[in-house]
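Note sheet for the following structure.
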Amino acid sequence: MSPITDVEGRRLPLTNLDKVLYAETATTKGEVLHYCTTVAGPLLAHLHDRPLSFLRYPDGPEGQCFFTKNVPPGAPSWVKTCEVPHSASGPARQVLLQDLPSLVWAANLVVELHTPQWKCQAPGIADRLVLDLDPGSPATIVECCAAAQWLYDRLAADGLEVCAKTSGSKGLHLIVPIEPTPSERATAYAKTLATEAAAALPDLVVAKMTKALRPGKVFLDFSQNAAAKTTAVAYTLRARATPTVSTPVTRDEIAECTDPRQLTFLLDEIAPRLAHHGDLLGPLLDPGRARPLPRTASPRAPAAPNRTGSGRSST
């Protein structure tokens, strides 16, 4: 019989807590749920009012993984949901994780958490801009960090503040708080940046998804700003061989990265980082930090960075 746990007055059955989900580290489902409770404060803040898409991996990353946007069967009635428009299938209901009981319920399903760049009150109106830096082997997050240095300066030239986090997989996400803007316009601006970066850094960055162009370079994926797209939220665990986390990082950490291991963080490393740094993505939660996207691009482009370190070790 599954143990029943009281979480802030909600009774939850928690299943298979001794089950090993990550074989390489012998990390159990119970440890995964404990991790989610330890980072619940900042994690819930970044999830608030954003409809969830789940990548479920109930038997661990080596088992069956499946992506779902619909409310899972058997969801408690107290888990909040919202109606989300979908161009192909019409409106659908998706989960909102607004409190600790809902987060623990979702964690018991074993999920990655993905959100759009907009909130449920204003579908398709972005309040964040995201640049997804995805390395093509043998490039790693080291090359992503080199590209990020240029992008920090380029975005600053347009008056925009940059926050950064690891994807928890191979790459890096740069996120910018922006004043509410239609997703189409955010995507167009991100595409302009990607095109400029590819022109300024032709040996490092590509702006096209064509696989033949990507080996050894960083694909700057601007399409994550489309209204229908979602991105792994900060502090979510990833369905990788080890329990890696999408982790906020500092600009200094990005500037100093010469080995992918420097920006690979497992679940037991996140609480100490929060104690030391606080939530490095805090500016995304402050409406006063949001800035409008420029109507025209800045005429000044930053110089290309020096590429130090090979960054060719495997991940």
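Remember, it's a predicted structure, so these values are computed and weren't measured experimentally.
A donor-acceptor pair is defined here as one N or O able to donate and one able to accept, closer than 3.5 Å; such a pair exists between the side chain of T264 and the backbone of P260. With hydrogens and angles ignored, the 3.5 Å screen pairs no side-chain donor or acceptor of T81 with any backbone N or O of R93. With S102 contributing its side chain and Q98 its backbone, the two residues share no donor-acceptor pair below 3.5 Å. Under a 3.5 Å cut-off, the side chain of T115 and the backbone N or O of L52 do not form any donor-acceptor pair. A distance-only check finds a donor-acceptor pair linking the side chain of S246 to the backbone of T166 [under 3.5 Å]. Of the possible donor and acceptor atoms, one in the side chain of R185 sits under 3.5 Å from a partner among the backbone N and O of L293. No donor-acceptor pair under 3.5 Å is formed between the side chain of T210 and the backbone N or O of A212. The closest donor-acceptor contact from the side chain of Q149 to the backbone of C145 lies at 3.5 Å or more, if one exists at all. Checked by atom type and distance alone, the side chain of S183 pairs as donor or acceptor with a backbone atom of G124 at under 3.5 Å. Checking side-chain atoms of T236 against main-chain N and O of A234 turns up no donor-acceptor pair under 3.5 Å.
Between T37 and V104 the shortest side-chain heavy-atom distance falls below 4.5 Å. Residues Q224 and T230 are not in side-chain contact: their nearest non-hydrogen atoms beyond the backbone lie 4.5 Å or more apart. Taking 4.5 Å as the limit, every side-chain heavy atom of L21 sits out of range of all side-chain heavy atoms of T28. Within the 4.5 Å cutoff, the side chain of L17 has heavy atoms near those of the P3 side chain. With a 4.5 Å cut-off on side-chain heavy atoms, L44 and H48 do not count as touching. A 4.5 Å side-chain heavy-atom check between P76 and R10 finds every atom pair outside the cut-off. Side chains of V32 and V110 form no contact here, defined as non-hydrogen atoms less than 4.5 Å apart. Here the side chains of W118 and P180 are not in contact, with every heavy-atom distance at 4.5 Å or above.
Counting side-chain heavy-atom gaps under 4.5 Å among Ile, Leu, Val, Met, Phe, Trp and Tyr, the cluster of F219 also holds V206, M209, L213.
Checked by atom type, the side-chain pair T244/R238 shows no donor-acceptor distance below 3.5 Å. For the residue pair Q121 / D49, a side-chain donor-acceptor distance below 3.5 Å is found, with atom types taken as modelled. Residues T192 and E196 bring no donor and acceptor atom of their side chains to less than 3.5 Å of each other. Side-chain contact, T247 with K165: no donor N or O sits under 3.5 Å from an acceptor N or O. Side-chain atoms of Q117 and T231 form a donor-acceptor pair, as typed in the model, at a separation below 3.5 Å. Side-chain polar atoms of N225 and E184 form no donor-acceptor pair below 3.5 angstrom. With no hydrogens or angles considered, a side-chain donor-acceptor pair links Y235 and D279 at under 3.5 Å. Inspection of the S169 and S167 side chains reveals no N or O donor paired with an N or O acceptor under 3.5 Å.
Taking CG from L174 and CG from L155, the interatomic distance works out to 7.5 Å, rounded to the nearest 0.5 Å. A distance of 7.5 Å separates OG1 of T68 from CZ of F66, quoted to the nearest 0.5 Å. For the atom pair CG (L220) and OG1 (T195), the distance works out to 9.0 Å, reported to the nearest 0.5 Å. Atom OG1 of T38 is separated from atom CD of E31 by 11.5 Å, given to the nearest 0.5 angstrom. Between atom CG of residue L281 and atom NE2 of residue H173 there is a gap of 11.5 Å, rounded to the nearest 0.5 Å. Distance check, rounded to the nearest 0.5 Å: CG of L55 to CG of L237 gives 12.0 Å.
Only one option out of L14, N108, D18, V20 pairs with K29 in a side-chain contact (heavy atoms from CB on, under 4.5 Å); it is N108. Each of L151, D221, V205 was checked for a side-chain contact (heavy atoms from CB on, under 4.5 Å) with L133, and the lone residue meeting it is L151.
Comment: D59 engages K19 in a salt bridge, judged by a side-chain N to carboxylate O separation of less than 4.0 angstrom. One finds no salt bridge joining E62 and R240 here, because no Lys/Arg side-chain nitrogen approaches an Asp/Glu carboxylate oxygen to under 4.0 Å. Between K217 and E143 there is no salt bridge, since no side-chain nitrogen of the basic residue lies less than 4.0 Å from a carboxylate oxygen of the acidic one. Using a cut-off of 4.0 Å between Lys/Arg side-chain N and Asp/Glu carboxylate O, R154 and D158 are scored as salt-bridged. The pair D153-R251 meets the salt-bridge criterion, since a charged nitrogen lies less than 4.0 angstrom from a carboxylate oxygen.
Linking Ile, Leu, Val, Met, Phe, Trp and Tyr whenever their side-chain heavy atoms come within less than 4.5 Å puts V162 and Y189 in one cluster.
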For a salt bridge (charged side-chain N to carboxylate O under 4.0 Å, His left out) check, start with the C-alpha distance between E253 and R273, then their side-chain angles and the critical distance, and finish with the verdict.
CA-CA 13 Å; E253 287 177 307; R273 285 184 62 84; 2.9 Å; yes
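Few gaps surround NZ on K229; more than 12 heavy atoms of other groups in view lie less than 6.0 Å from it. More than 12 heavy atoms of other residues, nucleotides or ligands sit less than 6.0 Å from atom NE2 of H277.
In this structure, R56 forms no cation-pi arrangement with F67, as its terminal cationic atom is not both closer than 6.0 Å to the ring centre and no more than 45° off the ring axis.
Classified by interplanar angle (parallel below 30°, tilted 30° to 60°, perpendicular above 60°), the ring pair F54/W105 is perpendicular.
Applying the side-chain hydrogen bond (donor to acceptor under 3.5 Å, both in side chains) rule to Q64 yields no partners; only residues at least two apart in sequence or on another chain are considered.
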